[in-house]
*Asks:* 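The following block contains the structure, expressed as structure tokens.
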Amino acid sequence: MTAPRVVLDGVANFRSLGGLPTTDGRKVREGVLYRSESLAGLTDVGRQQLVELHIGSICDLRSPGEQQRDPIEWPEGTRPYQIPVAKLPDARVAGVELIRRVMADTSGEYIQEVLLGNAQEMPRAFGESMCGVFESLEDPERLPLLVACVAGKDRTGFVTALVLATLGVEWEAIVADYLRSTKYFAARPPVPLDGGLARRTPGPDHSHRRSSTRTPRDVSISRRRST
């Protein structure tokens with residue numbers, strides 16, 4: 001039986017990665033790992049839904065400029081631990097010159113070049129930061145873990161694919177999840193390229209940690225399915 005989809009009102013491309021099958025017949029646990037686009041579009045209903053998920057840590061892959069333009073408004077007392085993570089530079093994802101060239105290129109060739117270049121940069125940019133992601137998966141107080149970027153597609157897809165592969169998820173299921181963002185993102189309302197939001201001052205991150213001898217795979221994978 002397929003678990004019901006987890007929904008955040010105002011954030012179309014948000015979902016749980018629970019239930020994905022592993023190669024040894026188990027499944028990723030529900031309520032442990034989520035992926036999303038930016039949470040800047042949350043409605044009041046969506047914020048309450050976010051509170052009920054009890055997010056323990058977030059891997060926010062947005063560039064500094066993207067984060068400054070669309071800060072996440074966490075409900076009071078619910079701000080999760082922010083995993084230190086390297087970013088793709090603004091010049092590659094949100095710079096003024098980048099946006100100007102994308103808008104001027106009616107052929108679409110420039111944006112294709114940019115996206116391919118970003119994909120080639122991700123292993124170098126995010127590789128060393130993955131240690132923090134797996135440390136959060138090992139720490140029960142940092143769960144659930146949320147991975148997010150602006151659209152929740154390319155950068156988030158790259159990092160979640162690495163996590164899922166490490167957990168032993170079937171390759172076909174990893175690819176299917178990566179492509180699922182296209183369907184969810186299609187339901188996302190259009191957003192102005194400049195963000196259109198006033199700057200806000202984010203609150204402090206949680207810094208608590210608890211040691212654990214369990215591995216990310218122990219924490220994140222359910223028991224073997226019965227045959």
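For the numbers below, each heavy atom of this structure counts, side chains included, while hydrogens, waters and symmetry mates do not.
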*Asks:* Among the clusters formed by ILVMFWY side chains lying less than 4.5 Å apart, do Val7 and Ile72 turn up in the same one?
*Replies:*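 No; Ile72 is not reachable from Val7 via cluster members.
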
*Asks:* Are Asp60 and Val85 packed together at the side-chain level, in the sense that at least one heavy-atom pair is separated by less than 4.5 angstrom?
*Replies:* no

*Asks:* For the residue pair Asp154 and Tyr178, establish whether any side-chain heavy-atom pair is separated by less than 4.5 Å.
*Replies:*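 Yes, their side chains come closer than 4.5 Å.
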
*Asks:* Thr43 vs Asp9, test: side-chain hydrogen bond (donor to acceptor under 3.5 Å, both in side chains). Steps then yes/no.
*Replies:* CA-CA 6 Å; Thr43 65; Asp9 192 54; 2.6 Å; yes

*Asks:* Between Asp24 and Thr22, which heavy-atom pair has the shortest distance, and what is it?
*Replies:* OD1-OG1, 2.5 Å

*Asks:* Contact between Glu170 and Leu20 at the side-chain level, heavy atoms closer than 4.5 Å - yes or no?
*Replies:*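 Glu170 does not reach Leu20 side chain to side chain.
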
*Asks:* What distance separates Glu138 CD from Leu143 CG, expressed to the nearest 0.5 Å?
*Replies:* 10.0 Å

*Asks:* Is the closest side-chain heavy-atom distance between Ser36 and Val11 below 4.5 Å?
*Replies:*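 A side-chain contact exists here, since the closest heavy-atom pair is under 4.5 Å.
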
*Asks:* With hydrophobic residues grouped by side-chain heavy-atom distances under 4.5 Å, do Val51 and Leu146 end up in a single group?
*Replies:* no

*Asks:* May I ask you to decide if Cys149's main-chain N or O and Thr156's side chain share a donor-acceptor pair within less than 3.5 Å?
*Replies:*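 Side chain of Thr156 to backbone of Cys149: a pair is present.
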
*Asks:* For residues Ser57 and Gln82, is any side-chain donor paired with an opposing acceptor at under 3.5 Å?
*Replies:*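 Not at all, the side chains of Ser57 and Gln82 share no donor-acceptor pair under 3.5 Å.
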
*Asks:* Going by heavy atoms in the side chains, are Val32 and Leu145 under 4.5 Å from each other?
*Replies:* no

*Asks:* Main chain of Trp74, side chain of Thr78: is a donor-acceptor contact present, judged purely on distance under 3.5 Å?
*Replies:*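 No; zero donor-acceptor contacts below 3.5 Å.
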
*Asks:* So do the side chains of Lys183 and Asn13 get within less than 4.5 Å of each other, counting heavy atoms only?
*Replies:*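 Result no, sub-4.5 Å side-chain heavy-atom pair not found.
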
*Asks:* Of the non-hydrogen atoms in Gly31 and Ser16, which two are nearest, and what is the gap between them?
*Replies:* N-OG, 4.4 Å

*Asks:* Indicate the atoms forming the closest heavy-atom contact of Val133 with Cys59, along with that distance.
*Replies:* CG2-SG, 4.0 Å

*Asks:* First locate atom OG of Ser38, then atom CD of Gln67, and finally report the distance between them rounded to the nearest 0.5 Å.
*Replies:*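 The CD atom of Gln67 is 9.5 Å from OG of Ser38, to the nearest 0.5 Å.
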
*Asks:* When you measure from the side chain of Glu52 to the backbone of Gln49, do you find a donor-acceptor pair of N or O atoms at a distance under 3.5 Å?
*Replies:* no

*Asks:* Would you call Arg62-Glu37 a salt bridge at under 4.0 Å N-O?
*Replies:* no

*Asks:* Once rounded to the nearest 0.5 Å, what's the spacing between atom CD1 of Ile58 and atom CZ of Arg142?
*Replies:*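 Interatomic distance, Ile58 CD1 to Arg142 CZ, rounded to 0.5 Å: 13.5 Å.
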
*Asks:* Taking only residues at least two apart or on different chains, which pairs with a member in residues 39-48 satisfy salt bridge (charged side-chain N to carboxylate O under 4.0 Å, His left out)?
*Replies:*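 Applying salt bridge (charged side-chain N to carboxylate O under 4.0 Å, His left out) to every pair that reaches into residues 39-48, excluding sequence neighbours, yields Asp44-Arg47, Arg47-Glu73.
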
*Asks:* Measuring only between side-chain heavy atoms, which start at C-beta, is Leu50 closer than 4.5 Å to Leu39?
*Replies:*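 Leu50 reaches Leu39 side chain to side chain.
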
*Asks:* List the residues meeting ring pair (Phe, Tyr, Trp, His ring centres under 6.0 Å) with Tyr34, not counting sequence neighbours, and say none if there are none.
*Replies:* Phe14

*Asks:* Once you round to the nearest 0.5 Å, how far does CZ of Arg79 lie from CD of Glu76?
*Replies:*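 One finds 11.5 Å between CZ of Arg79 and CD of Glu76.
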
*Asks:* When hydrophobic residues are tied together by side-chain contacts of less than 4.5 Å, even through go-betweens, does Leu179 share a cluster with Val169?
*Replies:*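 Same cluster: Leu179 reaches Val169 through Ile, Leu, Val, Met, Phe, Trp or Tyr contacts under 4.5 Å.
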
*Asks:* Name all residues meeting the salt bridge (charged side-chain N to carboxylate O under 4.0 Å, His left out) criterion together with Asp177; count only those two or more places apart in sequence or in a different chain, and write none if there are none.
*Replies:*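 So Asp177 forms a salt bridge (charged side-chain N to carboxylate O under 4.0 Å, His left out) with Arg15, Arg35, Arg180.
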
*Asks:* Please name the pair of heavy atoms, one in Leu8 and one in Leu53, separated by the smallest distance, quoted to 0.1 Å.
*Replies:* CD2-CD1, 4.1 Å

*Asks:* Between Leu164 and Leu33, is there a side-chain heavy-atom distance shorter than 4.5 Å?
*Replies:* yes

*Asks:* One pair to check against side-chain contact (heavy atoms from CB on, under 4.5 Å): Val150 and Leu61. What are the steps and the verdict?
*Replies:* CA-CA 8 Å; Val150 172; Leu61 298 166; over 6 Å; no

